[in-house]
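Note on naming: letters A, B, ... go to the chains in the order of the sequence lines (proteins, then strands), and numbering restarts at 1 for each one. Predicted model, so just to flag it, every value in this text is computed and none were measured.
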Amino acid sequence: MGILQVQNVNKSFGGLKALNNVNLDIEEGSLHAIIGPNGAGKSTLLNCFVGRLRPDTGTVKFNGRSLLGLSPHEINQAGVARVFQTPEIFSDLTLLENVMIPALAVRDGAFRINTWRRVDKQPDVRDRAEAMLADVGLADKRNDHSGNLSRGDKRRLELAMCLVQRPKLVLLDEPTAGMSRADTNNTIDLLARMSEQHGVTKIIIEHDMHVVFSLADRITVFAQGHPIVEGTPEQIKGDPKVKEAYLGGAHV
Amino acid sequence: MTKIVRETAHGDAIRFSLFAVLILAMPVWLVPFGAAYPDLMQKFAIYGLFAIGFNILFGLTGYLSFGHAAFLGVGSYTAVWSFKLLGMNPLPAIALAILLAGAFAWVIGYVSLRRTGIYFAILTLAFAQMSYNLAYSVLTPITNGETGLRVLNSDPRVLDHMMGAGEVDGPLVTNLFGMEMSGLPGFYFCAVWLLIGMFISFRIFRSPFGLMLMAIKSNQNRMNYTGISTRPYALTAFVISGMYAGLAGALLCVTDPLAGAERMQWTASGEVVLMTILGGAGTLLGPMLGAGIIKYSENIFSAFNEQTLHNIFGFLPDGIEGAVVSVAGLFVGEGWHLTLGLLFMLIVIFLPGGLIEGGHRIQAAVARRGKGGGSGHQAQPQAAE
Amino acid sequence: MDAILLQILNGLDKGGAYALIALGLTLVFGTLGVVNFAHGALFMLGAFCAVTFNQLIGLEKVTIDPTQTTPWGSPVEIRVPMIEEWLGPTGTFILDYSVPFSILAAIPVMIVIGLIMERGLIQFFYRRPHAEQILVTFGLAIVLQEIIKSFFGANPIPQNPPDTLRAAADIGALFGFEPGNIVYPYWRLVYFLFSAIVIGCVFAFLQLTTFGMVVRAGMADRETVGLFGIDIEKRFTVVFGLAAVVAGLAGVMYTPILPPDYHMGMDFLVLSFVVVVVGGMGSLPGAVAAGFMLGILQSFASMTEVKSIFPGIDQIIIYLVAVIILLVRPRGLMGRKGVMEG
Ligand SMILES: Nc1ncnc2c1ncn2[C@@H]1O[C@H](COP(=O)(O)OP(=O)(O)OP(=O)(O)O)[C@@H](O)[C@H]1O
Ligand SMILES: [Mg+2]
């Protein structure tokens with residue numbers, strides 16, 4: 001029994017079948033990579049997990065609880081955090097505030113009129129946010145205007161915003177897309193370190209095979225809205241079906 | 001890298017104290033400006049409150065409401081009804097006005113906040129127009145239509161009669177336990193409410209609640225995926241700003257117990273937007289500054305007439321004087337609204353951040369010059385209040 | 001039955017005005033991406049083109065006839081419009097038909113105003129937030145209406161339709177109802193036909209010309225069109241001019257129905273925005289359909305029978321419809337799915 005169970009999920013956009021009978025079982029504490037060609041339905045699947053889309057049929061269960069019909073903030077409060085394909089941060093605020101907001105969301109819940117103490121007088125939340133920023137190597141920029149960060153830094157910030165919530169499950173949609181090799185390696189290190197320290201379950205969508213094979217415990221290959229193979233990195237590397245569907249015969 | 005400097009608790013305390021001193025000392029330092037008479041100072045305080053409240057919605061969450069005049073109107077009508085039924089004491093009138101305007105704002109906000117952006121602006125505008133039209137037509141029994149609602153000697157005024165102060169000769173004036181709310185006491189009454197309103201605004205801006213509102217403006221999508229339910233936050237901000245508007249509306253009637261529907265017109269909603277952006281939306285002191293400037297200029301400009309213009313430009317040769325006066329005449333007196341519209345455009349075009357931000361820019365420029373050369377990459381503090 | 005027909009007729013002219021204003025509003029929004037709160041002012045300016053034109057051709061030459069005296073003993077002044085003196089009966093005709101003739105003057109004037117507005121202000125706001133667009137055009141609307149106010153005063157200035165069209169048609173009799181029950185002023189009929197023609201022209205222009213094709217493509221997907229290297233912004237300037245002309249013409253012809261005053265633009269703007277929202281932002285047919293629909297709905301709501309059941313409904317019906325539409329079908333009646341469902 002995994003932490004996230006996906007059964008018979010289908011999703012169509014008009015005539016297009018974006019997800020076709022998807023079954024997945026994500027093991028707690030693992031890093032599970034989803035790969036597949038463009039338009040295979042990977043992002044659509046994540047959108048079904050976080051409440052942005054509602055599957056036409058099927059069930060999505062997180063820790064035994066159905067996520068269907070919940071709104072995005074309820075799903076997050078249940079312990080699922082998401083990093084977007086293009087970084088989504090609060091670009092008018094400082095880095096520290098960016099990280100304090102998710103931390104406050106954990107402490108105060110989805111809605112609370114909290115005007116009693118000033119933001120700068122919330123030591124519990126503040127310490128946690130600062131520690132998290134230090135973890136991703138952004139501590140010295142904590143008072144900077146986050147809108148001016150480089151793309152790589154924004155991604156790290158967004159990762160910090162997710163991890164500061166100590167979620168049980170993190171969904172990462174192409175976290176290294178458009179990054180330089182150095183930044184990609186930094187991100188790999190960071191993700192590996194996070195796995196060791198926090199033991200979070202992660203689902204990662206990635207086109208960069210270097211990232212996938214250096215991090216993943218398990219890999220699922222998607223094609224045309226359907227998971228065609230699942231296995232350990234070694235199994236996937238050798239699987240002829242993968243080459244055919246995804247790699248078009250190219251050598252991995 | 002640009003830093004954002006956030007004010008500390010200590011700094012805020014100083015700023016608020018300075019603000020309080022400035023407001024309370026208005027009767028003194030406004031003398032050289034010719035603005036130290038109670039009627040005008042009261043207007044500063046009342047419209048300041050209106051703008052401060054509006055800023056909690058627009059400045060923090062970014063939701064542009066074009067219908068806040070409706071709440072001003074509700075506050076005014078409620079206050080006059082309270083005078084009519086309960087008596088001329090302003091306190092129950094204010095309490096009721098805040099409550100009712102808040103309830104009204106809750107209903108309108110609940111519906112309007114299902115949409116964002118221009119749709120939100122149009123929804124609020126539609127609601128305000130509905131209220132305005134209704135106030136003029138079917139609601140006449142409550143609003144007294146075009147004539148406006150006023151207090152009559154024959155009204156019940158239960159509390160007044162209970163206290164034996166029911167029979168009054170001459171016009172009815174609001175009074176706080178015997179103290180008439182006109183002249184300087186009237187101003188100080190409004191000033192105290194302004195200080196309370198400003199204090200609450202400080203608290204909200206610096207609190208986690210305020211941070212959430214700013215985050216809504218910055219990235220609503222991220223908020224949802226961060227486990228925060230944005231709509232109740234925005235709705236709370238909407239209701240709070242509606243309550244400020246209700247309070248302002250009631251205070252307008254404390255000065256002059258008369259409520260008319262024109263207070264709800266959408267040009268009035270536009271005016272509070274202008275005050276807020278003129279001073280600086282999202283800044284603590286900007287809206288008060290904007291309200292003050294606008295009400296002051298309105299007072300000056302609309303008082304001008306041909307004669308005063310001739311006096312001003314009298315030094316010019318006759319032909320030129322005539323031309324200058326007739327051009328200037330477009331902008332003053334009746335033409336004050338033209339000036340207002342132009343000001344509106346100029347601010348949005350050149351200084352969308354408002355005067356406070358403009359001030360910060362100048363400050364930064366001066367600081368850079370002071371340091372001399374090589375300061376191109378130097379940290380440039382951002383306006384943060 | 002005849003009452004229903006009458007209400008439909010009553011709604012047509014107002015609906016025509018809504019449709020014409022909303023058409024330009026949605027065209028500008030769909031192409032330039034600008035929310036133009038000064039669009040109503042264009043309608044108002046058009047109306048005042050008619051007023052100015054009328055005043056100009058109405059200029060009179062005053063001669064004093066010493067042979068006759070008034071009952072007060074002063075010499076009689078004979079006032080003859082100059083245009084009659086120059087052109088004789090033609091002049092009289094032009095005077096009589098001054099409203100339709102002012103269209104000729106209004107078109108170039110509105111084009112110039114539209115171009116100045118777009119080049120001088122709007123173009124700088126293409127990429128600024130909608131809130132700032134709203135605010136700056138709101139300011140512009142105030143400026144324009146105050147300028148008009150300072151020249152023409154605050155009171156409405158009635159304009160007359162041509163004498164021959166001043167009467168009312170007994171439309172009921174045409175449809176076999178009892179004569180005298182449904183009478184409808186000719187001019188309103190003219191207005192309806194006029195608006196239908198203008199709308200037809202705009203659609204033909206957009207459907208049949210290459211220019212129109214590019215504009216429609218731009219409305220559908222601005223980015224892609226830009227990628228083809230087509231200088232879309234130049235065309236958008238023309239679109240803005242077109243919208244200005246349409247709004248202006250709507251104003252010119254409306255003057256005999258509603259005596260123009262300086263704030264008529266604001267009044268119609270708010271309603272037209274509502275029309276655009278109901279029709280679907282960026283949808284041209286939606287704007288037209290919603291314009292007529294709301295015009296007719298409004299005239300039904302002002303029937304005494306309806307008002308006795310829902311007092312005040314005539315005052316709020318349009319806003320109410322807008323609120324409901326925005327809540328249950330935010331893309332509007334004919335808006336495309338997923339577009340602007342903010
Ligand atoms: N909201 C939507 N409406 C209509 N079609 C959609 C929508 N979202 C996705 N699609 C379609 O569904 C299919 C799957 O898209 P999805 O984004 O899930 O692919 P992906 O595997 O993430 O691809 P990529 O690697 O390019 O990110 C695509 O054909 C896409 O066009
Ligand atoms: Mg994707």
Side-chain angles (χ1 to χ4, degrees), chain B residues 58 62-64 66 108 111-112 114-140 220 265-267 269-271 273-274 276-277 281 326 329-331 333-350 352, chain C residues 29 35 37-38 121 124-125 128-151 153-154 262-263 266-267 269-271 273-274 276-277 281 307 310-328 330 332 340-342:
Chain B
F58 177 57
Y63 277 94
L64 173 60
F66 247 82
I108 291 185
V111 179
S112 304
R114 296 192 168 251
R115 300 274 156 253
T116 55
I118 25 171
Y119 293 93
F120 174 80
I122 293 173
L123 271 173
T124 48
L125 182 57
F127 276 114
Q129 283 299 97
M130 275 200 259
S131 319
Y132 171 69
N133 288 351
L134 288 178
Y136 259 130
S137 57
V138 265
L139 293 183
T140 314
Q220 176 135 207
Q265 216 170 1
W266 71 300
T267 41
S269 299
E271 200 185 33
V273 182
L274 174 58
T276 310
I277 58 168
S326 56
L330 287 178
F331 297 90
E334 289 278 288
W336 150 246
H337 280 107
L338 179 58
T339 318
L340 198 69
L342 274 177
L343 190 65
F344 212 129
M345 290 177 66
L346 292 177
I347 288 291
V348 181
I349 296 171
F350 297 110
Chain C
F29 181 78
V35 186
F37 263 49
L121 180 72
F124 303 109
F125 279 78
R128 300 218 352 213
H130 282 317
E132 288 180 13
Q133 298 173 351
I134 291 178
L135 294 173
V136 82
T137 50
F138 175 71
L140 179 63
I142 295 178
V143 168
L144 292 175
Q145 78 170 35
E146 291 301 320
I147 290 177
I148 290 296
K149 183 179 163 194
S150 65
F151 281 104
Y262 71 101
H263 58 73
M266 287 286 193
D267 302 344
L269 173 82
V270 184
L271 292 170
F273 249 113
V274 166
V276 170
V277 166
M281 274 282 185
K307 276 201 283 191
F310 306 104
I313 187 77
D314 55 322
Q315 300 289 326
I316 57 168
I317 178 78
I318 290 196
Y319 303 108
L320 213 56
V321 171
V323 167
I324 294 169
I325 289 278
L326 272 182
L327 294 178
V328 302
M340 301 299 305
E341 288 193 42

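Of the two parts of B:Ile349, the backbone and the side chain both hold a non-hydrogen atom closer than 4.5 Å to a non-hydrogen atom of chain C. Residue C:Val35 touches chain B through its side chain alone, counting heavy-atom pairs closer than 4.5 Å. Only the side chain of C:Lys149 comes within less than 4.5 Å of a heavy atom of chain B; its backbone N, CA, C and O stay farther away. For a residue to count as touching a neighbouring chain, one of its non-hydrogen atoms must lie under 4.5 Å from one of that chain's; by this rule B:Leu338 touches chain C with backbone and side chain alike. For B:Leu342, the parts lying near chain C are the backbone and the side chain together; criterion is any non-hydrogen pair under 4.5 Å. Using a 4.5 Å cut-off between heavy atoms, B:Leu139 makes no contact with chain C at all. Proximity to chain C (any heavy atom under 4.5 Å) is restricted, for B:Phe66, to the side chain, taken from C-beta onward. Contact annotation for B:Phe127: only side-chain heavy atoms (C-beta onward) come within less than 4.5 Å of a heavy atom of chain C. Using a 4.5 Å cut-off between heavy atoms, C:Ile134 contacts chain B through its side chain alone, with no backbone atom that close. Both the backbone and the side chain of C:Val143 have a heavy atom closer than 4.5 Å to some heavy atom of chain B.
Side-chain contact between B:Val348 and C:Phe125 is present, with heavy atoms from C-beta onward closer than 4.5 Å. Using a 4.5 Å heavy-atom cutoff, the side chains of C:Val270 and B:Trp266 are in contact. You'll find the side chain of C:Leu121 reaches within 4.5 Å of the side chain of B:Met345, heavy atoms only. Between C:Ile142 and B:Leu340 there is no side-chain heavy-atom pair separated by less than 4.5 Å. Side-chain contact between B:Ile118 and C:Met281 is present, with heavy atoms from C-beta onward closer than 4.5 Å. A heavy-atom distance below 4.5 Å is not found between the side chains of C:Ile318 and B:Gln129.
Interface summary for chain B: among C:Gln133, C:His263, C:Met266, the most heavy-atom pairs under 4.5 angstrom belong to C:Met266. For the set C:Phe37, C:Phe151, C:Phe124, the count of heavy-atom pairs under 4.5 angstrom toward chain B peaks at C:Phe37.
Listed by first then second residue, pairs satisfying salt bridge (Lys or Arg N to Asp or Glu O under 4.0 Å) with a partner in residues 132-144 of chain C read C:Arg128-C:Glu132, not counting sequence neighbours.
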Would B:Val273 and C:Phe138 satisfy side-chain contact (heavy atoms from CB on, under 4.5 Å), going step by step from the backbone distance to the final call? CA-CA 11 Å; B:Val273 182; C:Phe138 175 71; over 6 Å; no
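Note that the OG1 atom of C:Thr137 and the CZ atom of B:Phe344 stand 9.0 Å from one another [nearest 0.5 Å]. With rounding to the nearest 0.5 Å, the separation of CE in B:Met130 from CD1 in C:Ile317 is 10.0 Å.
Residues satisfying the side chain to side chain contact (heavy atoms under 4.5 Å, CB included) criterion with C:Ile148, sequence neighbours excluded, are C:Met44, C:Leu45, C:Phe48, C:Phe152, C:Tyr262.
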